[in-house]
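Atom set for the values below is all heavy atoms of this structure, side chains included, hydrogens, waters and symmetry mates excluded. Predicted, not measured: the structure shown is a model, and the values here were computed from it.
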Amino acid sequence: MTEIPFGLQIGDIELTTFNDGGFALPAAYFANVPADVALAEQVNIGANLWLVRAGDRVILVDTGSAEALKARFPETGQAWGALQALAPTDIVLTHMHADHLGGFLDGAAFSEATIHVAQAEWAFWTNPGLPDAVDEDTRPMVQMIQSIATGIADRVKLFESGESLVEGVQFVSLPGHTPGHSGLHLQSGDDALLIIGDAVISEALQFANPEISYALDGDAAQAVETRRALLAKAAAQGTTIAATHFAFPGLGKVEMDGDVFRFLPL
């Protein structure tokens, strides 16, 4: 059974984390693994998403998988029932992979909300030539994403990194996983939190070894660079981070142990 949503206050901003289930991934999804790191046959990762209440805005960050991936990953989409009861004013997509926008397969979902997507992300996935540019295994995913994009296009508002949705809620570019992959920086008074999406997939693997790459990283080298930079900054500033694929609720601090990053769950 899915856990009760987890609430956290960031000054005057209210953050609620929903558990959307998880994924059991083949170890082969992870590459550049050091020889002294032993992987099991499967690597389990979580699936979190967030509701942010800031001022008069109710902001859903990603829609989760809903029904999009259940055939292959039956434990996904567990938050969908709870999410359908929400009435967000805004939806921020950290990026356009199926486990983040799968809720939009339901054409009636969140019909009153403005959908915020990074300019670079939208341009990449809506490129008419993209289906022919990818391999056959990837093509169905691209076609599904483009079909969803067509259905929501009239509600999409594009953003650039550094812009704010509302006071205390700022878009942050975290590229590599996808071209326009983005986070959301929440700041209220002296309290801050950074939603990092898929910039770090596994807290068990990629803190101690941020060079480990993930099969769905569009640009593995850039993803590593982004990962190192955000972990170093979070450690230096003491910023709480929130990640999609960490074990629920996926919230914690980053510390340095010598030259190695460590994750300290809340």
> Between Ala118 and Gly180, which heavy-atom pair has the shortest distance, and what is it?
Replying inline: CB-O, 3.3 Å
> Nearest 0.5 Å, what's the CG-OG1 distance between Leu93 and Thr63?
Replying inline: 6.5 Å
>> Taking Ile212 as the starting point, is it possible to reach Val224 by hopping between hydrophobic residues whose side chains are less than 4.5 Å apart?
In response: no
> Going from CG on Asp12 to CG on Leu186, what distance comes out if it is rounded to the nearest 0.5 angstrom?
Replying inline: 12.5 Å
> Can you check whether Gly176's main-chain N or O pairs, donor with acceptor, with Arg227's side chain at less than 3.5 Å?
Replying inline: no
>> Check whether Asp62 reaches the backbone of Thr94 with its side chain - one donor and one acceptor, N or O, closer than 3.5 Å.
In response: yes
> Do the side chain of Glu112 and the main chain of Ala87 share a donor and acceptor less than 3.5 angstrom apart?
Replying inline: no
> With distance as the sole criterion, is a donor-acceptor pair present between the side chains of His181 and Asp198 under 3.5 Å?
Replying inline: no
> Can you tell me if Asp106 uses its side chain to pair, donor with acceptor, with the backbone of Ala108 under 3.5 Å?
Replying inline: yes
>> I want to check something: taking the side chain as every heavy atom from C-beta on, are Asp219 and Pro175 in contact at a cut-off of under 4.5 Å?
In response: no
> Is the number of heavy atoms from other residues, nucleotides or ligands within 6.0 Å of CG (Asn32) greater than 12?
Replying inline: yes
> For the side chain of Arg57 and the backbone of Val169, is there at least one donor-acceptor N/O pair under 3.5 Å apart?
Replying inline: no
> Would the number of heavy atoms belonging to other residues, nucleotides or ligands and lying under 6.0 Å from CG of Asp154 be above 12?
Replying inline: yes
>> I'd like to know whether CG of Asp259 has more than 12 heavy-atom contacts from other residues, nucleotides or ligands below 6.0 angstrom.
In response: no
> Rounded to the nearest 0.5 Å, how far apart are CG of Leu49 and CD1 of Ile91?
Replying inline: 11.0 Å
>> Determine whether Phe124 and Met96 satisfy the following criterion, side-chain contact (heavy atoms from CB on, under 4.5 Å), listing intermediate values before the conclusion.
In response: CA-CA 10 Å; Phe124 176 79; Met96 293 175 66; over 6 Å; no
> Linking I/L/V/M/F/W/Y whenever their side-chain heavy atoms sit closer than 4.5 Å, directly or via other members, would Leu194 and Phe261 fall into one cluster?
Replying inline: yes
> Under a 4.5 Å cut-off applied to non-hydrogen side-chain atoms, are His116 and Asp90 in contact?
Replying inline: yes
>> Less than 4.5 Å apart, side chain to side chain, heavy atoms only: is that true for Trp50 and Phe18?
In response: no
>> Can you confirm whether the side chains of Asp191 and Ser188 place a donor and an acceptor under 3.5 Å from each other?
In response: no
> Would you say Val61 and Val52 make side-chain contact, with heavy atoms under 4.5 Å?
Replying inline: yes
> Would Thr17 and Leu8 count as a side-chain contact (heavy atoms from CB on, under 4.5 Å) if you check the C-alpha gap in whole Å, the side-chain angles of each, and the deciding distance to 0.1 Å?
Replying inline: CA-CA 8 Å; Thr17 305; Leu8 183 69; over 6 Å; no
> Do the rings of Phe159 and Phe171 sit parallel, tilted or perpendicular, given the 30° and 60° boundaries?
Replying inline: parallel
>> Donor-acceptor check, side chain of Asn19 to backbone of Gly21, threshold 3.5 angstrom: yes or no?
In response: yes
> Any idea which heavy atoms bring Ile13 and Ala54 closest together, and the distance?
Replying inline: CG1-CB, 4.1 Å
> With a 4.5 Å limit on heavy-atom distance, are the side chains of Val200 and Phe246 in contact?
Replying inline: yes
> Taking the inter-plane angle between the rings of His95 and His177 on a 0 to 90° scale, is it parallel (under 30°), tilted (30 to 60°) or perpendicular (over 60°)?
Replying inline: perpendicular
>> With a sphere of 6.0 Å drawn around CD of Gln84, does it hold more than 12 non-hydrogen atoms of other residues, nucleotides or ligands?
In response: yes
> How many angstroms lie between atom CG of Leu158 and atom CD of Glu121, to the nearest 0.5 angstrom?
Replying inline: 11.0 Å
>> Once you measure the plane-to-plane angle for Tyr214 and Phe30, does it fall in the parallel (<30°), tilted (30-60°) or perpendicular (>60°) bin?
In response: tilted
> Donor-acceptor pair, Asn48 side chain versus Ala243 backbone, under 3.5 Å?
Replying inline: yes
> Does the side chain of Trp125 come within less than 4.5 Å of Leu101's, by heavy atoms?
Replying inline: no
>> Applying a strict under-4.5 Å side-chain criterion to I, L, V, M, F, W and Y, I'd like to know whether Phe73 and Leu105 cluster together.
In response: no
> Rounded to the nearest 0.5 Å, how far apart are CG of Asp56 and OG1 of Thr89?
Replying inline: 7.0 Å
> Checking Asn209 side chain against Glu211 main chain: does a donor-acceptor pair fall under 3.5 Å?
Replying inline: no
> Given the rule that I, L, V, M, F, W and Y join up when any side-chain heavy atoms are under 4.5 Å apart, are Leu165 and Val58 in one cluster?
Replying inline: no
>> Would you say CD of Glu167 has more than 12 non-hydrogen atoms from neighbouring residues, nucleotides or ligands within 6.0 angstrom?
In response: no
>> Checking the side chain of Gln143 only, and the main-chain atoms of Pro131 only, is there a donor and an acceptor separated by less than 3.5 Å?
In response: no
> Given Gln170 and Leu184, is the side-chain contact (heavy atoms from CB on, under 4.5 Å) satisfied, shown in steps?
Replying inline: CA-CA 6 Å; Gln170 184 180 50; Leu184 208 59; over 6 Å; no
> Going hydrophobic residue to hydrophobic residue with side-chain gaps under 4.5 angstrom, can you get from Met141 over to Tyr29?
Replying inline: no
>> I'd like to check Leu251 versus Leu193 (side-chain heavy atoms, cut-off strictly below 4.5 Å). Are they in contact?
In response: yes
>> Please evaluate residues Val156 and Trp122 with respect to the criterion side-chain contact (heavy atoms from CB on, under 4.5 Å), reporting the C-alpha separation (whole Å), side-chain torsions for both, the decisive distance (0.1 Å), and the verdict.
In response: CA-CA 9 Å; Val156 167; Trp122 185 259; 3.7 Å; yes
> Is the Phe6 ring parallel, tilted or perpendicular to the Phe248 ring (thresholds 30°, 60°)?
Replying inline: perpendicular
> What are the two closest non-hydrogen atoms of Arg155 and Ala113, and how far apart are they?
Replying inline: NH1-O, 3.3 Å
> Under 3.5 Å, is there a donor-acceptor pair between the side chain of Lys70 and the main chain of Thr76?
Replying inline: yes
> If you count the non-hydrogen atoms of other residues, nucleotides and ligands that lie under 6.0 Å from CD in Gln9, is the total more than 12?
Replying inline: yes
> From Gln187 CD over to Ser164 OG, what is the distance, rounded to the nearest 0.5 angstrom?
Replying inline: 11.0 Å
